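For this chain, numbers begin at 1 and follow the sequence in order. The basis for the numbers below is simple: all heavy atoms, side chains too, and nothing from hydrogens, waters or symmetry mates. Just so it is clear, the structure is predicted and the values come from calculations on it, not from any experiment.
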Amino acid sequence: MKEKTKFVLCGLGNIGSQVINSILNNHQDNLEVVAICSRNKEKAQKKINDFNLKIPIISASETPNYAKVIVETATYESFREVVEPAIISGCHVIAISVGALVKNLDLIDLANKHNSILQIANGTLPGLDILRSAKEGNVNTVKLKSKILPESLEGEEYIKNNNVDLSNANKEPVFIFSGSAREAALHFPRHFNVAVSLSLAGIGLDKTQIEIYADGTLKGALHKIIIKSDVVELEMTSQNFPSSVNKRSSLIVAKSIIAALREINSHIRIGS
């Protein structure tokens, strides 16, 4: 029987709740959440009572005491607070709020120093495995064209500061932004975790090109990746479906976390 993967879940919002639901609905699963890390302990306690779980609610500094695998589903603002103590303690961190990594790139060096793992759960994007392979040759172009639901973008400071009119976005795509992945992650930190994932897998934050459109005609976020290299050329599109609870998050995000957790103690690995 495979060894059970025990982990601390940091953040119990929409995505964190989906992760727990997935585990509880699979009674023969080899995944076990042993503690919840949350700033709002009262709110977190109510949620774990709803799940009928009897596990402690802890602070970020306590997470390494409970498990060596830490799952971050918190927020852009609390990313470093959650991730840093785990990295310093040599943990395996699976993170999703990696838009915050642009302002915290030293965490990568910290992971190397403390022999820990910072893993980005990147199930929202296609083609990353082939991009990592292409990187062993010479990659000339990596471009991401993303179409996002307008209600997901309307509260962003970039939209307000640049007077972007989203009124026609429910009829046709409205151009929002074109620039580097670094710029995209800084302007849209809560939405463009994908820009950081793509950049780290490929040619970096400044060479990776991003185009963003608001499009209310779609079911959810649509991402098209274009890769040109001396070993492969690729165009691939993914259509993500939004959560029914919060349309700003895609259902595939929680599933990518579960997939990453399963891989830790798996005896077969798929991909480079």
Side-chain angles (χ1 to χ4, degrees), residues 5 7 9-33 36 38 44 47-48 50-51 53 69-76 79 82 93-100 119-129 144-156 169-170 173 184-185 188-198 201 212-225 236-264 266 270-271:
T5 299
F7 67 96
L9 179 63
C10 296
L12 198 51
N14 180 41
I15 293 171
S17 296
Q18 287 181 52
V19 170
I20 291 181
N21 264 323
S22 292
I23 293 171
L24 295 180
N25 289 335
N26 189 340
H27 300 296
Q28 296 181 359
D29 219 325
N30 285 316
L31 305 178
E32 180 184 355
V33 56
I36 298 293
S38 177
K47 284 198 173 185
I48 65 171
D50 291 340
F51 285 120
L53 287 174
V69 178
I70 312 298
V71 174
E72 178 275 319
T73 66
T75 63
Y76 170 83
F79 179 80
V82 167
V93 180
I94 298 172
I96 62 166
S97 304
V98 292
Q119 180 177 357
I120 298 171
N122 52 36
T124 56
L125 275 183
L128 294 189
D129 195 49
L144 172 65
K145 294 183 178 181
S146 293
K147 294 181 178 180
I148 310 295
L149 294 178
E151 54 263 41
S152 294
L153 293 169
E154 59 190 2
E156 291 284 359
N170 288 321
F188 306 93
R190 294 162 189 81
H191 291 90
F192 273 81
N193 299 319
V194 289
V196 179
S197 302
L198 185 63
I212 304 172
Y213 298 82
D215 192 342
T217 69
L218 301 171
K219 296 178 181 179
L222 187 144
H223 300 297
K224 180 179 181 180
I225 290 178
M236 189 176 288
T237 301
S238 66
Q239 170 70 78
N240 299 338
F241 300 143
S243 163
S244 59
V245 179
N246 183 353
K247 286 191 173 183
R248 295 187 179 191
S249 64
S250 298
L251 288 170
I252 195 67
V253 176
K255 300 301 183 185
S256 71
I257 293 168
I258 296 293
L261 286 167
R262 289 193 199 285
E263 195 83 353
I264 289 174
S266 175
I270 309 298

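Going from atom CG of Asn21 over to atom CD of Gln18 covers 8.0 Å, rounded to the nearest 0.5 Å. In this structure, OH in Tyr213 is found 7.5 Å from NZ in Lys147, a value given to the nearest 0.5 Å. Of the inter-residue distances, the one linking Leu9 atom CG with Leu31 atom CG reads 12.0 Å to the nearest 0.5 angstrom. To the nearest 0.5 Å, the span separating CG on Leu24 from CG on Leu53 amounts to 5.5 Å. A distance of 10.5 Å separates CD1 of Ile20 from CG of Asp50, quoted to the nearest 0.5 Å. To the nearest 0.5 Å, atom OG of residue Ser17 and atom CD1 of residue Ile48 are 11.5 Å apart.
Considering every non-hydrogen atom in both Phe192 and Ala185, the closest pair reads O-CB, 4.3 Å. Between Pro242 and Lys219, the shortest heavy-atom distance links the atoms CD-O, 2.8 Å. The nearest pair of heavy atoms linking Thr73 to Gly16 is OG1-CA, 3.7 Å. Taking all atoms of both residues into account, the shortest heavy-atom contact from Ile15 to Ala254 is O-CB, 4.0 Å. Residues Pro150 and Asn170 share a closest heavy-atom pair of CG-OD1, 3.7 Å. Phe79 and Ser97 get closest at one heavy-atom pair: CD1-O, 3.3 Å.
Looking only at side-chain heavy atoms (C-beta outward), Asn193 and Val253 stay at 4.5 Å or farther from each other. You'll find the side chain of Thr5 stays beyond 4.5 Å of the side chain of Asn30, heavy atoms only. Contact of the Ser38 side chain with the Leu12 side chain is not registered, since no non-hydrogen atoms from C-beta on lie closer than 4.5 Å. Val71 is not listed as a side-chain neighbour of Ile96, based on a closest heavy-atom distance of 4.5 Å or more. Taking the side chain as every heavy atom from C-beta outward, Lys224 and Pro126 never approach each other to under 4.5 Å. The shortest distance between side-chain heavy atoms of Phe51 and Val33 does not fall below 4.5 Å. The shortest distance between side-chain heavy atoms of Leu144 and Leu125 falls below 4.5 Å.
Of the candidates Thr237, Asn240, Ile148, Leu222 forms a side-chain contact (heavy atoms from CB on, under 4.5 Å) with just one, namely Thr237.
Other residues, nucleotides and ligands contribute at most 12 non-hydrogen atoms within 6.0 Å of the NZ atom of Lys255.
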